[in-house]
Amino acid sequence: CDEAIRDSLAALRIRPDYDYALLSVADSYRSKRDYLNAIQFYSRSLQLSQFNGRHALANRAECYRLTNQNENAINDGLRAIQLDPKCLLALCCLAECYRISRRYDEAIDFASRALSVDSNHVISLGARADSYRMKAMFQAAIEDASAMMRLEPSNTFGLFCLAESCRMLGRFQEALSYAQTILRLQPGHSAAKVIVDQAQARVVH
């Protein structure tokens, strides 16, 4: 990545409006998780040309999401799907941002659209599962979280969604098992400890 960044920056010194070099630098920074620099170069690319607009918008949206700039992420994600309604990165980013913003109906809608593109997309499954859980649609949450766990068996986000949904449905033995698995993977998970305590009190030995 560092070599790619150096080469692209050298090209930009010769030709500051070289869109391909701008995108290359932005993508390299994003792959290094240097999201603020990535945002800067995606923005420069978008100012110069809309030829690669979908790519720059979707990737900038994800960088905004990962730096907790949800409204900017949503704005870019919506612009990206206007250019490409099946842009998986933008759809997933929108689902997750709406979930974090507690706009669960929108989160479910965009996660469903992402899953119509890739039915095994873990982040979209997680966003929809958690949104179903927050809307008290616990069986639907369990179905999505279970699909998520088949893909990533050690994903504590999915395990928590399963544990809490099972607890709310009175399936305390299952809730206990999932919560105990979380604590084996992440011993300091305070919410899982609460589920363990509550489920243990309700499980008939």
Side-chain angles (χ1 to χ4, degrees), residues 1 23-24 26-35 38-39 41-42 45-46 50-135 137-166 178 181-182 185-186:
C1 285
L23 284 175
S24 178
D27 288 343
S28 295
Y29 276 128
R30 178 174 173 265
S31 68
K32 292 178 64 177
R33 301 185 181 182
D34 185 347
Y35 300 120
I39 288 167
F41 280 92
Y42 285 129
S45 174
L46 287 164
Q50 293 298 313
F51 181 72
N52 293 303
R54 193 272 299 166
H55 175 91
L57 285 166
N59 282 277
R60 190 173 68 173
E62 182 69 356
C63 292
Y64 278 136
R65 181 181 76 81
L66 293 167
T67 52
N68 300 313
Q69 301 181 64
N70 269 16
E71 286 306 314
N72 286 335
I74 288 170
N75 288 337
D76 273 2
L78 291 173
R79 289 172 65 192
I81 63 169
Q82 285 179 340
L83 298 173
D84 178 3
K86 293 187 176 182
C87 177
L88 182 60
L89 180 59
L91 292 168
C92 165
C93 183
L94 286 165
E96 187 64 4
C97 286
Y98 281 126
R99 181 190 72 82
I100 292 168
S101 301
R102 300 183 181 183
R103 295 165 62 176
Y104 300 118
D105 288 331
E106 290 99 326
I108 290 167
D109 176 47
F110 283 106
S112 298
R113 289 168 66 177
L115 290 165
S116 72
V117 177
D118 179 359
S119 61
N120 291 324
H121 197 265
V122 171
I123 295 175
S124 299
L125 283 167
R128 192 170 70 174
D130 193 55
S131 298
Y132 280 142
R133 179 180 71 85
M134 296 304 295
K135 287 174 61 68
M137 300 170 67
F138 299 118
Q139 188 55 47
I142 288 170
E143 291 171 6
D144 272 357
S146 296
M148 186 181 180
M149 299 314 300
R150 285 192 289 273
L151 298 166
E152 290 188 2
S154 297
N155 189 305
T156 55
F157 185 86
L159 284 165
F160 177 76
C161 191
L162 285 167
E164 182 64 5
S165 296
C166 286
Y178 288 128
T181 301
I182 294 171
L185 295 166
Q186 190 177 328

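Owing to the predicted nature of the structure, the values given are computational and were not obtained by experimental measurement.
The distance from the CZ atom of F160 to the OG1 atom of T181 is 14.0 Å, given to the nearest 0.5 Å. A distance of 5.0 Å separates CG of L115 from OG of S124, quoted to the nearest 0.5 Å. Distance CZ/R99 to CG/N70: 9.5 Å, rounded to 0.5 Å. We find the CG-CG distance between L91 and L78 to be 10.0 Å, quoted to the nearest 0.5 Å. With rounding to the nearest 0.5 Å, the separation of CE in M148 from CG in D130 is 9.0 Å. To the nearest 0.5 Å, atom CG of residue L89 and atom CZ of residue R54 are 8.5 Å apart.
For the pair Q69 and I39, the minimum side-chain heavy-atom distance is below 4.5 Å. Between L23 and F41, every side-chain heavy-atom pair lies at or beyond the 4.5 Å cut-off. Looking only at side-chain heavy atoms (C-beta outward), R103 and F110 stay at 4.5 Å or farther from each other. Side-chain contact check for E62 versus Y64: every heavy-atom pair is 4.5 Å or farther apart. In this structure, the side chains of E106 and L94 stay at 4.5 Å or more apart for every pair of heavy atoms. In this structure the side chain of E96 reaches within 4.5 angstrom of the side chain of I100, judged on heavy atoms.
Taking both residues in full, the closest heavy atoms of C161 and A141 are given as SG-CB, 4.1 Å, listed atom of the first, atom of the second, then distance. Shown here for T67 and C63, the closest heavy-atom pair between the two residues is OG1-O, 2.9 Å. A61 and C93 make their closest contact through O-SG, 3.5 Å (heavy atoms, listed as atom of the first residue, atom of the second, distance). Closest of all the heavy-atom pairs between A58 and C87 is CB-SG, 3.7 Å. Between L88 and A114, the shortest heavy-atom contact is CD1-O, 3.5 Å. Here the closest non-hydrogen pair linking C97 and I74 is CB-CG1, 3.7 Å.
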For Y42 and L57, what are the C-alpha separation, side-chain angles and deciding distance, and is it a side chain to side chain contact (heavy atoms under 4.5 Å, CB included)? CA-CA 8 Å; Y42 285 129; L57 285 166; over 6 Å; no

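Side-chain atoms of S165 never come within 3.5 Å of backbone atoms of L162 as a donor-acceptor pair (strictly under, hydrogens ignored). No donor-acceptor distance shorter than 3.5 angstrom exists from the side chain of S101 to the backbone of Y98, with no hydrogens or angles considered. Between the D109 side chain and the D105 main chain, no donor and acceptor come within less than 3.5 Å of each other.
The one candidate from R79, R65, R30 that meets the side chain to side chain contact (heavy atoms under 4.5 Å, CB included) condition with R60 is R79.
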